[in-house]
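Structure first, commentary second.
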Amino acid sequence: MTPSKKLKGSALLEYLLTVSRRMAEIRNLDNLLTYAIDKIMQLVGAERGYIVLVNDKGDTYFRVKRKIQTPETKLSGETKLLSIPISQGEPTSRSILMHVIENRQYLVVEDAMVDPRFHDSTSVIQMRLRSVMCVPLISQNQIIGAIYVENRTDMGRFSQNDIKPLEFFSNQAAVAIKNANLYTNLEDRTVELKNAMVSLGESETRFRAIFESSTDAIAVSQDSILYLVNPAFLKMFGYNHPDEVLGKSITEFVSPSEKENIAEILHKRSVGEETATSYEAVGIREDGSEFFFEIHISIMELSDEESYSIGVLRDITQRKQDHTQILRQLRYLKSLNNIDKAITSSTDLSSTLDTLLEHVVSGLEVDAATVLLFNPTTMILSFGTGYGFHNSSSLQNTRLHLGESLAGRAALEKNIVNVPDLTESADNFLDSPRLEKEGIIAYYGVPLVARGQIVGVLEIFHRSPLDPDREWLSFLNALAIQTAIAIDNATLFVGMQRSNTELSLAYDNTLEGWAKALELRDYETEGHSRRVTKLTMKLAENVGVSDEQLLNIRRGALLHDVGKMSVPDTILLKPSALTDEEWTIVRQHPEHGYEMLAPISFLKPALDIPRYHHERWDGSGYPYGLAGKEIPLAARIFAIVDVWDALLSERPYKKAWSDQDALVYIQEQSGKSFDPKIVKIFLEIIKEIYN
């Protein structure tokens, strides 16, 4: 099983974030490609893979890395650096790569053996190619290559679900490869410049041409003082003439927080101490604006006493912004994943909304948020929960009609309502003294819609102006969708619980009605079902029966004699002793009761009592002659109570027994008719009742 199938949610995000950070740190292109293809193979569980790069001309493509994982070695396989034109590669992979690169679209082939696009492909047949994925490598809207992976076994088939992590990986890999290329070029340019300056006496004209025409900023300094700069340096820092910068310390062109660090690096390099050759820093332009740059420093020694520092600089602001954007997207995805977990793991709306608002405030980097819940019966929006307020009761009394105030408008119009500055708004939103003390400036009201119906409003509050970008707004919409789902799920669950409760009550009322109907047939046993049910429940509780079993025992006790409906009145109401033939008919009533109730699915767990309550511990009962623990526990419990109530009741064919005589009989039948352990508990209950 591949990591993409093993890792889910936050674990997969953490894996991608770790790989992204590591790729951003690798400067050598060969090392980067080796690391990247290895992680790609792990990510999607591929047996073979390539990273393909486009050359500078864009008309020839070269396969630069290959990773083969064989079943025999069960290892990572081999990684080779190649320089093979795609035109010389395998027909199948060549056509797929060319298609993806030319169209800038990913391609997934779940089964090449049956896919009509590869039906006649010789390489598919000969190499037993089974499944393929290929995604483009795009950096700053420029195609720089593609990632190609394949498998040759049924167990390794790719699916559409596998493309998502691979696409995400390719976006980060493209940035890293682009940066590695830039860094390699930067190193090459530094070496070239250093060599040019060493041979300045022989080739000053050549050096000057390189120096002046270089697109990279170049600064030559001595003891941190700028001695020479090229036009690209002036352009990078926003100056018009070299005289504006020459003679100044290079530390004047970096952020104040980094001045000491840059000065120390230059000093160490000038005296020959070992330090890194490349650094990142924050530059300060002439207009005061900041930007990120990378500087590669080398030392040019003209004599034992005279040396110069050569710095080659490149603006990396876009790269930093791209990296920041990736981290923010990962944070957004992680928040949405955690919200999903909260929604699916809890049916309590209050706790789910509390968790959700924490992620809303932290993810959007705002000060506070609330959820207003909509009641479709009263047509009122009322406070559900809030997070981030100085005073927790600031908005707890909120009750709005549709169209009233900002949230009411958002709900009525089903559109986002944004007020950049509430203090200048004509709305009386801040009139509440409690809310006024919160210092709220910016406001967003987002309608929460589930299945086309409004269920509430998500409100966002910030104590300073907000300047959201497209991604922030997209994340806000995603949070609103999640919030609406949470409210809808909780509402459905509560409604389902209410329906189940009402249905259960209806079932029980029906059963009690059946029991009363049976007693009306034999007025001498009036109240018998109610009494035995009550005492059976108490005995079952003392025996240790679970709550779920108690419900079924109650239903079984109410309907224990339902089978007597099949017994003729001449037998059931006969005042004298029954004949053998009549007893045979009577003893069939447990089986008749079972047959009557078995088709009713919700009563199946309650049928042990109607079917087995005349079985006896010693096996002398009917209709099946079960003995001991062959008799279900519910029937063993009920049998004692049924006999007890029958002994105490007067019948046409007998008088009622005294309590003492009935107790003696129950004790005598312990181990004969009844389970001895249950008899002991029953006697304790009776003594407790009579005491």
Side-chain angles (χ1 to χ4, degrees), residues 2-4 7-27 29 31-46 49-54 58 61 64-65 67 96-97 99-108 132-149 158-183 292 316-337 363 469-475 478:
T2 69
S4 62
L7 300 178
K8 301 293 183 184
S10 59
L12 177 57
L13 292 177
E14 189 66 27
Y15 176 86
L16 292 173
L17 180 59
T18 301
V19 173
S20 173
R21 288 173 176 168
R22 178 60 186 136
M23 287 195 296
E25 295 170 355
I26 301 175
R27 303 296 176 84
L29 181 60
N31 293 341
L32 172 62
L33 294 173
T34 300
Y35 177 83
I37 193 64
D38 181 60
K39 293 305 177 183
I40 291 168
M41 301 289 288
Q42 293 180 27
L43 181 66
V44 300
Y50 307 108
I51 293 181
V52 174
L53 297 185
V54 179
Y61 306 98
V64 297
K65 283 290 173 184
K67 183 90 172 181
I96 291 175
L97 285 164
H99 172 83
V100 169
I101 291 173
E102 291 174 359
N103 294 280
R104 297 189 174 199
Q105 294 180 347
Y106 73 82
L107 180 66
V108 180
V132 173
M133 283 196 299
C134 189
V135 295
L137 289 169
I138 300 174
S139 176
Q140 296 179 346
N141 203 32
Q142 179 184 2
I143 186 78
I144 66 170
I147 297 172
Y148 172 95
V149 291
F158 301 123
S159 69
Q160 291 293 332
N161 291 332
D162 293 314
I163 200 69
K164 293 182 180 178
L166 185 57
E167 278 192 293
F168 188 88
F169 189 105
S170 71
N171 291 336
Q172 300 169 69
V175 173
I177 291 171
K178 190 77 172 179
N179 290 338
N181 271 322
L182 292 175
Y183 182 78
F292 290 96
I316 59 170
T317 304
Q318 184 61 48
R319 189 177 79 189
K320 284 287 188 180
Q321 290 174 347
D322 290 343
H323 185 66
T324 301
Q325 184 180 20
I326 289 172
L327 293 178
R328 184 168 65 166
Q329 288 174 343
L330 285 171
R331 189 175 74 249
Y332 286 171
L333 289 172
K334 194 169 185 177
S335 292
L336 292 175
N337 182 60
D469 56 19
R470 185 177 62 180
E471 288 189 3
W472 189 94
L473 293 172
S474 177
F475 183 50

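Here, residue 1 is the first one in the sequence, and each next residue gets the next number.
Interatomic distance, CD1 of Ile147 versus CD1 of Ile51, reported as 5.5 Å (0.5 Å rounding). Between atom CG of residue Leu166 and atom CG of residue Asn161 there is a gap of 13.0 Å, rounded to the nearest 0.5 Å. The CZ atom of Arg22 sits 9.0 Å away from atom CG of Leu32, with the distance rounded to the nearest 0.5 Å. Rounding to the nearest 0.5 Å gives a distance of 11.0 Å between CD1 of Ile37 and CG of Leu43. Distance check: Arg27 CZ to Tyr183 OH gives 5.5 Å after rounding to the nearest 0.5 Å. Separation of atoms NZ (Lys39) and CZ (Phe169) is listed at 8.5 Å; rounding is to 0.5 Å.
You'll find the side chain of Tyr106 reaches within 4.5 Å of the side chain of Gln160, heavy atoms only. Side-chain contact between Val44 and Pro165: absent, with no pair of heavy atoms (C-beta onward) separated by less than 4.5 Å. No side-chain heavy atom of Gln172 sits less than 4.5 Å from a side-chain heavy atom of Val19. For the pair Val135 and Ile163, the minimum side-chain heavy-atom distance is below 4.5 Å. For the pair Asn141 and Arg104, the minimum side-chain heavy-atom distance is below 4.5 Å. By the 4.5 Å heavy-atom criterion applied to side chains, Asn179 and Ile316 are not counted as neighbours. Looking at Leu29 and Ile177, their side chains come closer than 4.5 Å, going by heavy atoms from C-beta outward.
For the residue pair Met41 and Gly49, the shortest heavy atom distance occurs at SD-N, 3.8 Å. Considering all non-hydrogen atoms of both residues, Gly145 and Ile101 come closest at O-CG1, 4.2 Å. For the residue pair Phe168 and Leu16, the shortest heavy atom distance occurs at CD2-CD1, 3.6 Å. Considering all non-hydrogen atoms of both residues, Met133 and Ser159 come closest at SD-O, 4.4 Å.
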_If you apply the rule side-chain contact (heavy atoms from CB on, under 4.5 Å), what do you find for Ile144 with Val54, and how did you get there?_
CA-CA 5 Å; Ile144 66 170; Val54 179; 5.6 Å; no
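Scanning for side chain to side chain donor-acceptor pair (under 3.5 Å) contacts around Ser474 gives an empty result, with sequence neighbours left out. Glu167 pairs by the side chain to side chain donor-acceptor pair (under 3.5 Å) definition with nothing, not counting sequence neighbours.
Judged by distance alone, with hydrogens and angles left aside, the side-chain atoms of Asn181 form no donor-acceptor pair with the main-chain N or O of Lys178 at under 3.5 Å. Judged purely by atom type and a 3.5 angstrom limit, Ser170 has no side-chain atom pairing as donor or acceptor with the backbone of Leu137.
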